[in-house]
Amino acid sequence: MTDLYLSAGLQSVGTPTLWGVTIAGIVVLLVLDFLVTRRPHEVSIREALAWSAFYLALPLAFGAWLWSRYGSQQGVEYLTGYLVEKSLSVDNLFVFMLLLAAFAVPPVLAQRVLLFGITGALVLRAVFIALGAAALQTLDFAFLLFALILLATAAKLLRDAISGQEQEVDINGMRAVRLLRRFMPVTQEYQGTKMVVRLAGRRTLTPLALVVVAVLATDVVFAVDSVPAVYGITEDPYLVFATNAFALLGLRALYFVLHAALSRLVHLNYGLAVILAFIGVKLGLHWAHGVWPGVPEIPTLASLAVILMVLMVVTVTSLYATRTSRSSGQGSIVNTSGGDGTPR
């Protein structure tokens, strides 16, 4: 097995060449996505399925290459991290759905909004991953801090799920949106893919600019728990970045595939709460093991099994619960107004 490359004092498979090729590949894929969406159109289920299949095959093929090149440990860490990020991204998609509905985004512009959100999320994740690597390098209690963040997030998700509180989006309460409206006027109608137009000699924002800013603002919230979660699976900054990138790149197509099904995943927050709490405990045990070697750690393979089981259970129970409610004529309605502006 090839020796691991040491980067920033952390064990990593990410050689400069591998980092360069990966980033270049991501840029190419983003450019391709922007070219695909340059002419606004409604996405058919056939188109969405084709792109989803591509963005599922690509990370799996990359994982197989990692496994064969660097061994089973890196392969399992990558696969587990990717599964965690993908499951968290489904919750992200639900919030995106609420934002698109709240801003009344025309169907033909939905994929362009999602693409801007994904691009912003990639940049933000890269920043948070670098900060996380620096924290692990310099702070002895970084793992404990990450564990507390995940446990707090899990507690909030579980509390909201138990109380029956639905995710809400109050666009007028979002600070970023209020700030933009304070400094620039906003048109009433969408102007295609334009975010800024000139009216009466003055630069004016379109609603598309507001929704893009709102999506980018929620990306910050997502990164706060997403990055610590995958650091709970692997300490390799390259694998952390790769799992985040591959999970995000397929979101645009996945949104249109899962759009109808998202409202049926009524137990998703329970599952995410369990997963984040489990990883938080895993991180806490890892930190304690470094202080007291007798404290046991949770193997990555066991983490993969637990995460898979949780996702399977909440999917089955969600589908059963919504089938029962639909048969009794008690469909749920998603509220897209009011609240405190907090996406989660």
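In this chain, residues are counted from 1 in sequence order.
Using a 4.5 Å heavy-atom threshold, the side chains of T243 and Y238 count as separate. F278 places a side-chain heavy atom less than 4.5 Å from the side chain of I298. Within the 4.5 Å cutoff, side-chain heavy atoms of W19 are placed close to those of F241.
The heavy-atom pair separating V211 from L208 by the smallest distance is CG1-O, 3.1 Å. Taking each heavy atom of P296 and L285 in turn, the nearest pair found is O-CB, 3.6 Å. The two atoms that bring A229 and L88 nearest to each other are CB-CD1, 4.2 Å, heavy atoms only.
Ring orientation note: the planes of W51 and Y55 are close to parallel, at an angle under 30° on the 30°/60° scale.
Between Y78 and F62, a ring centre-to-centre spacing shorter than 6.0 Å is recorded.
Between the side chains of Y270 and T317, no donor-acceptor pair of N or O atoms lies under 3.5 Å.
Side-chain atoms of T234 never come within 3.5 Å of backbone atoms of Y231 as a donor-acceptor pair (strictly under, hydrogens ignored). Formation of a donor-acceptor pair under 3.5 Å by the S68 side chain with backbone atoms of W65 is found in this model. The backbone N or O of E297 lies less than 3.5 Å from no partner atom in the side chain of H289, so there is not a single donor-acceptor pair. No donor-acceptor pair closer than 3.5 Å links the side chain of S12 to the backbone N or O of P237.
Tested against L249, the residues T119, N244, L254, L30 include a single side chain to side chain contact (heavy atoms under 4.5 Å, CB included) partner, L30.
In the hydrophobic clustering of ILVMFWY residues, with side-chain heavy atoms under 4.5 Å counting as a link, L58 and F34 come out together.
Atoms CG and CE, from L210 and M195 in turn, are 11.0 Å apart once rounded to the nearest 0.5 Å. Taking CG from L157 and CG from N269, the interatomic distance works out to 5.0 Å, rounded to the nearest 0.5 Å.
For R203, the CZ atom counts as loosely surrounded, since its 6.0 Å shell holds 12 or fewer non-hydrogen atoms of other residues, nucleotides or ligands.
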Evaluation steps, side chain to side chain contact (heavy atoms under 4.5 Å, CB included), between Q73 and T300
CA-CA 8 Å; Q73 179 180 346; T300 304; over 6 Å; no
Test side chain to side chain donor-acceptor pair (under 3.5 Å) applied to S226 and E85, step by step:
CA-CA 7 Å; S226 176; E85 291 303 310; 2.3 Å; yes
Take Y320 and T315, measure what side chain to side chain contact (heavy atoms under 4.5 Å, CB included) needs, and give me the verdict at the end.
CA-CA 9 Å; Y320 179 79; T315 299; over 6 Å; no
Determine, stepwise, if the pair I233 / V240 fulfils side chain to side chain contact (heavy atoms under 4.5 Å, CB included).
CA-CA 9 Å; I233 303 299; V240 172; over 6 Å; no
